[in-house]
Number of protein chains: 2
Amino acid sequence: MNLRELSDHLGLSQATVSRALNGYREIRAETRARVVEAAEKYGYRPNSHARNLATGRARTLAMVFTLGTGLPLDPHFLEFLVGVSEWASVNDLSINLSTPDASREEATYRHIVRTGLADGFIVNGPRVDDPRPGWLKSLRAPYVVHGSTEPAAPDSCVDIDNEGAFARATAHLLDLGHRRIALLNGPGHYVFAAHRELGFRRACAARGVPVDPSLLFATEMTEEQGFLLGRRALAASPRPTAFLCASLILALGLLRALADAGLSTPRDCSIIAHDDVFPFVNPASLRPALTTTRSPIREHGRHVAELLNRKIEASTPFEAHEMIAVDLVLRESTGPAPRLV
Amino acid sequence: MNLRELSDHLGLSQATVSRALNGYREIRAETRARVVEAAEKYGYRPNSHARNLATGRARTLAMVFTLGTGLPLDPHFLEFLVGVSEWASVNDLSINLSTPDASREEATYRHIVRTGLADGFIVNGPRVDDPRPGWLKSLRAPYVVHGSTEPAAPDSCVDIDNEGAFARATAHLLDLGHRRIALLNGPGHYVFAAHRELGFRRACAARGVPVDPSLLFATEMTEEQGFLLGRRALAASPRPTAFLCASLILALGLLRALADAGLSTPRDCSIIAHDDVFPFVNPASLRPALTTTRSPIREHGRHVAELLNRKIEASTPFEAHEMIAVDLVLRESTGPAPRLV
DNA sequence: TTGTAAGCGTTATCAC
DNA sequence: GTGATAACGCTTACAA
């Protein structure tokens, strides 16, 4: 059933039916009701390609996830993606997802713009000196960055206060008397990791506590790395009495390393992990329940989608920086620093 | 740059340019070369909506992931999705992703078909008595199921031999002398879980080993459940001497429960887990390295995409069942059964 | 308030 | 081998 058939049935013109369905003011209420009812009855839905062709819009948001750039395709991305998709569903937009390898990254963006597949882009996992904002600018495509680009860049973005969150977590550990704190951070080429380290250093500096570079780790956020680096950190002497983890997955590995070393938390060693809130690992149910800096990444997705859509619909371009709060949730994995061995 | 502009530049008709670019035979080689070169030079790309409107195809594969149906949105889905997307990218298809809640599930399928957003569907995580194949059939939309639908249903699907894999794993444990084996299975309403239990039971029956129903668990595949159910199973008396886990994530929790109980693997308790191959948890790097039934789920995605595309392009409908092999990878977590306590 | 008609940018069907 | 021209199904001036 297409528009012409429907309008024939109704004895109205295509234009009138189209306007009735699209909520135009000038349509008489009675006519509109008749049209809407008939559309319902026949299950009419406007063909998306025809509509997109006529309006010049794709009603689609694009996410390009480049494989092999060091960003492991982990649950963070999935949760974020779901957030985007939820918002899009509700607002009748589609999601276009592509996963090129690094060599075809730029071509993929250009392809999507040139063919009109999407109206705007979400840039994930901004890297230091990220080329993507530049590409998108020269393609004149709207985009929103999830995370921040360096340094106070003019790109629209939605981010959490990574620096503040890690400074606060660090301060909490310092308050508890910890002086040797290890940081299990994300990969160094990501902006968020740099910001977290900044927060860590800032809190330490504020108390005059020196930072031991050998306790700073930048790594992929896998269980395995959590275990390996945790073990390495614990071999230091004196060993750290507390850990800050950039992700719950890392913390899982760290817990294993601690158990392996016969250390108990929080008696021998405190832990704070950043929790992006995955459905399949709950920090409150771990042993011990983990103290976390918490920010549901799915919600970030909704915010990003909403902002991107605003940019797409904006008659005059604008940039916006949205900052999402991070909670520090105290549970059982943090306690007073032990005497050093 | 659109087709008209390009053909004007070339002094050719739109029809000729279009045909040259689409590889039609009748175009003179020289003409084609000239056209291709110009298209390259001006960065011409056919507008996807116009093309889709003209051809009646969307060149898009749809994945509908319904939230809150008990399928946790876990890394399995993401890895699978990447596989689909990789294949799609290479073959110049798009992915349309939506995540309705359960109440809008059927409407979402209908919406996508009616609006022509996609040419075919991938059905994930088939459930017992799954309504989706029925919906898609009545919508006359091509689809491929990832997994099997009950029982030997006529739906096209790509699946692994869940029953065979778990039978083989169970047999291996029985060979090692284990007689009390606990099964940490996925949620009962999924077909794959039913098949795995079948394999388990078949192997036990073949040796005349009775199955203790209190050692059979059907659960969401989270770390937490692995821990809780592992703990519960270990409290039985006599306790199980081996575990079969439906996922590596469950095994992670189980390992925690074992450590908690002061049990060592494989001395006190053997483990075999099913490994879908995630980038962020590597069974070979766990302590002990886990014996697994292994089947990279990303590869499933590629197979499903390829089969779905064949169905979409088929002039005459057909059904195909593709079975992917599962490896049993022996590592350190399986050993002879201990004397029961 | 409704109808007419001109796009939107392709592909496909004819002629030549 | 190439060129007109008619779809494809919708939106949107412009007319009435």
Side-chain angles (χ1 to χ4, degrees), chain A residues 1-36 38-39 42-60 92 94 111-119 313 315, chain B residues 1-36 38-39 42-60 92 94 111-119 313 315:
Chain A
M1 169 72 60
N2 62 24
L3 184 60
R4 195 173 54 72
E5 290 164 357
L6 181 62
S7 57
D8 285 354
H9 271 288
L10 283 161
L12 289 168
S13 72
Q14 297 185 32
T16 301
V17 173
S18 172
R19 280 182 293 219
L21 259 17
N22 288 306
Y24 279 57
R25 294 271 162 68
E26 63 253 32
I27 299 296
R28 188 155 45 122
E30 183 197 338
T31 309
R32 186 194 308 282
R34 209 158 62 86
V35 169
V36 168
Y42 295 110
Y44 167 77
R45 289 284 185 164
N47 176 289
S48 63
H49 307 298
R51 187 192 359 197
N52 294 343
L53 182 58
T55 59
R57 285 213 23 205
R59 303 195 60 77
T60 299
D92 197 28
S94 291
H111 174 78
I112 293 172
V113 172
R114 292 269 164 80
T115 59
L117 276 168
D119 304 314
E313 295 191 330
S315 43
Chain B
M1 168 74 58
N2 63 23
L3 185 60
R4 195 174 53 72
E5 291 164 355
L6 182 61
S7 57
D8 286 354
H9 271 287
L10 284 160
L12 290 168
S13 72
Q14 296 186 31
T16 301
V17 174
S18 174
R19 279 183 292 218
L21 258 19
N22 287 305
Y24 280 58
R25 292 275 161 66
E26 64 252 31
I27 300 295
R28 189 156 42 121
E30 182 197 339
T31 309
R32 187 195 308 284
R34 211 157 59 88
V35 169
V36 167
Y42 294 110
Y44 167 77
R45 288 284 186 164
N47 177 289
S48 62
H49 307 299
R51 183 185 12 191
N52 294 343
L53 181 58
T55 57
R57 283 210 29 202
R59 302 195 61 77
T60 298
D92 197 29
S94 291
H111 174 78
I112 293 172
V113 172
R114 291 269 164 78
T115 59
L117 276 169
D119 304 313
E313 296 192 330
S315 42

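Naming: A, B, ... by sequence-line order, numbering from 1 per chain. Atom set for the values below is all heavy atoms of this structure, side chains included, hydrogens, waters and symmetry mates excluded.
- Near DNA chain C, meaning a heavy atom under 4.0 Å from it, residues 13-24 of chain A has A:S13, A:A15, A:T16, A:R19 in order of number.
- Of all nucleotides in DNA chain C having an atom under 4.0 Å from a heavy atom of chain A, the first and last in 5' to 3' order are C:dT1 to C:dG9.
- By the 4.5 Å heavy-atom criterion applied to side chains, A:P46 and A:L21 are not counted as neighbours.
- One finds the CG atom of B:L10 at 10.0 Å from the OG1 atom of B:T16 (value rounded to the nearest 0.5 Å).
- Considering only residues two or more places apart in sequence or on other chains, B:T115 meets the side-chain hydrogen bond (donor to acceptor under 3.5 Å, both in side chains) condition with none of them.
- Within the nucleic acid shown, B:R25 has no heavy atom closer than 4.0 Å to any nucleic acid atom.
- Atom CZ of A:R59 sits about 5.5 Å away from atom CZ of A:R51, to the nearest 0.5 Å.
- The side-chain hydrogen bond (donor to acceptor under 3.5 Å, both in side chains) search around A:T55 returns none, not counting sequence neighbours.
- Residues A:N2 and A:N47 form no side-chain contact, since every pair of their non-hydrogen atoms from C-beta on lies 4.5 Å or further apart.
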Name every donor-acceptor pair, under 3.5 Å, that has one atom in a side chain of residues 24-31 of chain A and the other anywhere in the protein, sequence neighbours excluded.
from  : atom 1 : to    : atom 2 : distance (Å)
A:R28 : NH1    : A:E30 : OE1    : 3.1

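- B:L3 comes within contact range of at least one nucleobase, with a heavy-atom separation under 4.0 Å.
- Annotation: the terminal axes of the helix from C:dT1-D:dA16 to C:dC16-D:dG1 meet at 40°, where each axis is the rotation carrying the C1' atoms of four end pairs onto the next four (5 pairs per end, rounded to 10°).
- Partners of A:R4 by salt bridge (Lys or Arg N to Asp or Glu O under 4.0 Å), not counting sequence neighbours, listed by chain and number: A:D8.
- Remark: A:N22 engages A:S18 in a side-chain hydrogen bond (donor to acceptor under 3.5 Å, both in side chains) (not counting sequence neighbours).
- Evaluation of the side-chain hydrogen bond (donor to acceptor under 3.5 Å, both in side chains) rule for B:R45 yields A:H111 as partners, not counting sequence neighbours.
- One finds the OG atom of A:S94 at 11.0 Å from the CG atom of A:L117 (value rounded to the nearest 0.5 Å).
- Taking a heavy-atom distance under 4.0 Å as the criterion, the stretch of DNA chain D touched by chain A extends 5' to 3' from D:dG9 to D:dC14.
- Partners of B:E5 by salt bridge (Lys or Arg N to Asp or Glu O under 4.0 Å), not counting sequence neighbours: none found.
- Residue contacts for B:T31: at a heavy-atom cut-off of 4.0 Å it reaches the sugar-phosphate backbone alone, with no base atom in range.
- Judged as a side chain to side chain contact (heavy atoms under 4.5 Å, CB included), and not counting sequence neighbours, the contacts of A:A15 are A:S13, A:R19.
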